[in-house]
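Below is one structure; the comments refer to it alone.
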Amino acid sequence: MLIRRILTSLGRKPAPIVSVIRLSGVIGAVGALRQGITLSALAPVIERAFAVPDQQAVALQINSPGGSPVQSALVAGRIRQLADEKKVPVFAFAEDVAASGGYWLACAADEIYADPSSIIGSIGVVSAGFGFQDLIARYGIARRAHTSGKRKAMLDPFQPENDDDIVRLKAIQAEIHDAFKTMVRSRRGERLKGTDDELFTGEFWTGTRARDLGLVDGLGDLRSAMRERFGKKVGLRLVHGDRRWWRGRIRGETALPSMLPADLIPTGLGPAALVDDFASAVISAVEERAMWSRFGL
């Protein structure tokens with residue numbers, strides 16, 4: 001920024017700047033060794049992106065199949081708060097997919113762009129699991145669960161489904177779905193061209209069809225769109241988080257996996273902890289793979 005101040009003092013106009021925030025992966029905590037999209041992880045990145053003086057805009061580079069509705073709302077909310085405070089326009093660019101919570105994040109922007117083949121939408125709520133009651137019965141395994149509160153073991157995968165539990169779950173899903181629809185309507189407004197029965201069923205579309213429905217504003221990639229908007233000399237400034245992988249793990253948060261010699265493992269990362277983290281990471285990776293697979297990716 002010193003160079004920009006010097007150029008300004010010399011009467012020369014510095015090149016325009018657009019800060020870029022990359023939002024990639026599943027939304028929410030996905031395991032001890034895997035970094036998901038959460039407000040706690042991204043808050044410093046978002047703050048730094050909006051703190052750049054004299055910038056033209058902030059761009060969101062999104063590639064996410066969704067995840068936690070709470071973290072989707074928190075991250076999108078923080079982006080909107082700072083955009084309004086700093087009076088900086090926000091543009092979102094969908095890559096492979098901006099679906100479910102990924103589209104919620106995109107709605108934090110003033111304008112949304114996608115590739116013609118991007119997957120957009122999935123404005124709905126899903127809760128999935130497995131039923132193991134027949135499996136454990138086959139092997140003579142008895143499930144013992146003792147609760148205080150008759151719904152404390154609701155949706156226990158080792159018990160047969162209860163109709164009352166399903167009714168309760170669907171009521172919760174409906175509340176979350178209403179919050180999602182409210183977000184989309186408030187951000188997209190009159191640009192939406194489809195009916196509720198078209199837009200809010202959980203269906204997803206290509207970027208081309210999403211443009212026809214008013215879910216995105218246009219087709220194009222980040223660099224091309226920003227050059228067209230702010231000129232060929234625009235500088236795209238990717239804002240990074242803390243790249244030191246062990247920092248989050250020491251605080252009890254997530255971190256990137258690493259194969260280190262024992263004498264280089266930071267304090268608090270013993271063999272047992274690493275084994276537990278590895279097992280958790282494998283399970284999380286399977287779940288994450290399933291989320292991407294829903295969209296053929």
Side-chain angles (χ1 to χ4, degrees), residues 1-10 12-27 35-39 41-65 72 75-99 101-120 187 207-208 210-211 215-245 256 297:
M1 297 308 152
L2 176 60
I3 296 177
R4 294 180 63 83
R5 289 197 293 269
I6 293 174
L7 290 175
T8 301
S9 65
L10 295 175
R12 297 175 57 184
K13 185 177 180 179
I17 290 179
V18 173
S19 294
V20 180
I21 302 173
R22 182 155 181 79
L23 303 172
S24 181
V26 171
I27 302 169
Q35 182 77 46
I37 297 174
T38 64
L39 181 61
L42 284 170
V45 175
I46 298 171
E47 295 282 348
R48 284 198 291 273
F50 281 96
V52 177
D54 302 323
Q55 64 181 337
Q56 301 300 310
V58 169
L60 310 177
Q61 203 168 26
I62 300 173
N63 196 18
S64 174
S72 301
V75 173
R78 182 63 58 86
I79 291 170
R80 284 312 319 159
Q81 289 169 8
L82 289 171
D84 293 339
E85 290 174 11
K86 305 291 186 179
K87 302 189 184 308
V88 174
V90 179
F91 300 87
F93 295 88
E95 295 185 336
D96 297 292
V97 57
Y103 184 69
W104 193 317
L105 295 177
C107 285
D110 299 295
E111 296 180 22
I112 304 174
Y113 294 86
D115 184 87
S117 299
S118 296
I119 299 299
I120 305 293
R187 295 299 304 156
T208 301
R211 179 189 57 181
L215 294 172
V216 303
D217 296 284
L219 303 178
D221 64 278
L222 189 154
R223 183 173 183 273
S224 298
M226 294 295 92
R227 282 165 63 92
E228 181 177 348
R229 180 68 62 97
F230 300 114
K232 294 184 178 180
K233 293 185 178 180
V234 63
L236 302 178
R237 179 180 179 271
L238 181 62
V239 183
H240 295 283
D242 192 340
R243 296 184 179 181
R244 291 169 290 182
W245 73 270
L256 297 175
L297 300 170

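As a basis for the values below, the full set of heavy atoms in this structure was taken, side chains included, without hydrogen atoms, waters or symmetry mates.
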Problem set entry | Euclidean distance, Arg78 CZ relative to Leu39 CG, rounded to 0.5 Å | 4.5 Å
Exercise. Could you go step by step and tell me if Arg187 and Glu111 meet the salt bridge (charged side-chain N to carboxylate O under 4.0 Å, His left out) rule?
Worked result: CA-CA 9 Å; Arg187 295 299 304 156; Glu111 296 180 22; over 6 Å; no
Problem set entry | For the student: nearest non-hydrogen atoms of Ala49 and Ser19, plus distance | O-OG, 3.4 Å
Exercise. Is there a side-chain contact between Asp110 and Phe91, using heavy atoms and a 4.5 Å cut-off?
Worked result: no
Problem set entry | N/O donor-acceptor pair under 3.5 Å between Arg211 side chain and Val216 backbone | no
For this session: Could you tell me whether Arg80 and Glu85 have a side-chain N and a carboxylate O separated by less than 4.0 Å?
Result: no
Exercise. Between Arg237 and Val20, is any pair of side-chain heavy atoms under 4.5 Å apart?
Worked result: no
Problem set entry | Interatomic spacing from CD1 in Ile37 to OG in Ser24 - rounded to 0.5 Å | 6.5 Å
Exercise. When rounded to the nearest 0.5 angstrom, what is the spacing between CZ in Phe93 and CD in Gln61?
Worked result: 9.0 Å
Exercise. Checking Arg48 side chain against His240 main chain: does a donor-acceptor pair fall under 3.5 Å?
Worked result: yes
Exercise. Can you find a heavy atom in the side chain of Lys233 that is under 4.5 Å from one in the side chain of Arg227?
Worked result: no
Exercise. What heavy-atom pair brings Ala106 and Ala92 nearest, and what distance separates the two atoms?
Worked result: O-CB, 3.8 Å
Exercise. Tell me, do Leu60 and Ile79 make a side-chain contact under 4.5 Å, heavy atoms counted?
Worked result: yes
Exercise. Can you tell me how far CZ of Phe50 sits from CG of Leu82, rounded to the nearest 0.5 angstrom?
Worked result: 5.5 Å
For this session: Answer yes or no: is there a side-chain heavy-atom contact under 4.5 Å between Arg22 and Glu95?
Result: yes
For this session: Mark yes or no for whether Asn63, through its side chain, and Val97, through its backbone, hold a donor-acceptor pair below 3.5 Å.
Result: yes
Seminar exercise, completed: Taking every heavy atom of Ala114 against every heavy atom of Ile120, the minimum-distance pair comes out as CB-CD1, 4.0 Å
Exercise. Any side-chain heavy atom of Lys232 sitting closer than 4.5 Å to one from Met226?
Worked result: no
Problem set entry | Interatomic spacing from CG in Asp115 to CG in Asp221 - rounded to 0.5 Å | 8.0 Å
Exercise. Are Ser64 and Leu23 side-chain neighbours, meaning at least one heavy-atom pair lies under 4.5 Å?
Worked result: no
Exercise. Is the closest side-chain heavy-atom distance between Leu105 and Val75 below 4.5 Å?
Worked result: yes
Exercise. Between atom OH of Tyr103 and atom CD1 of Ile62, what is the distance when rounded to the nearest 0.5 Å?
Worked result: 10.0 Å
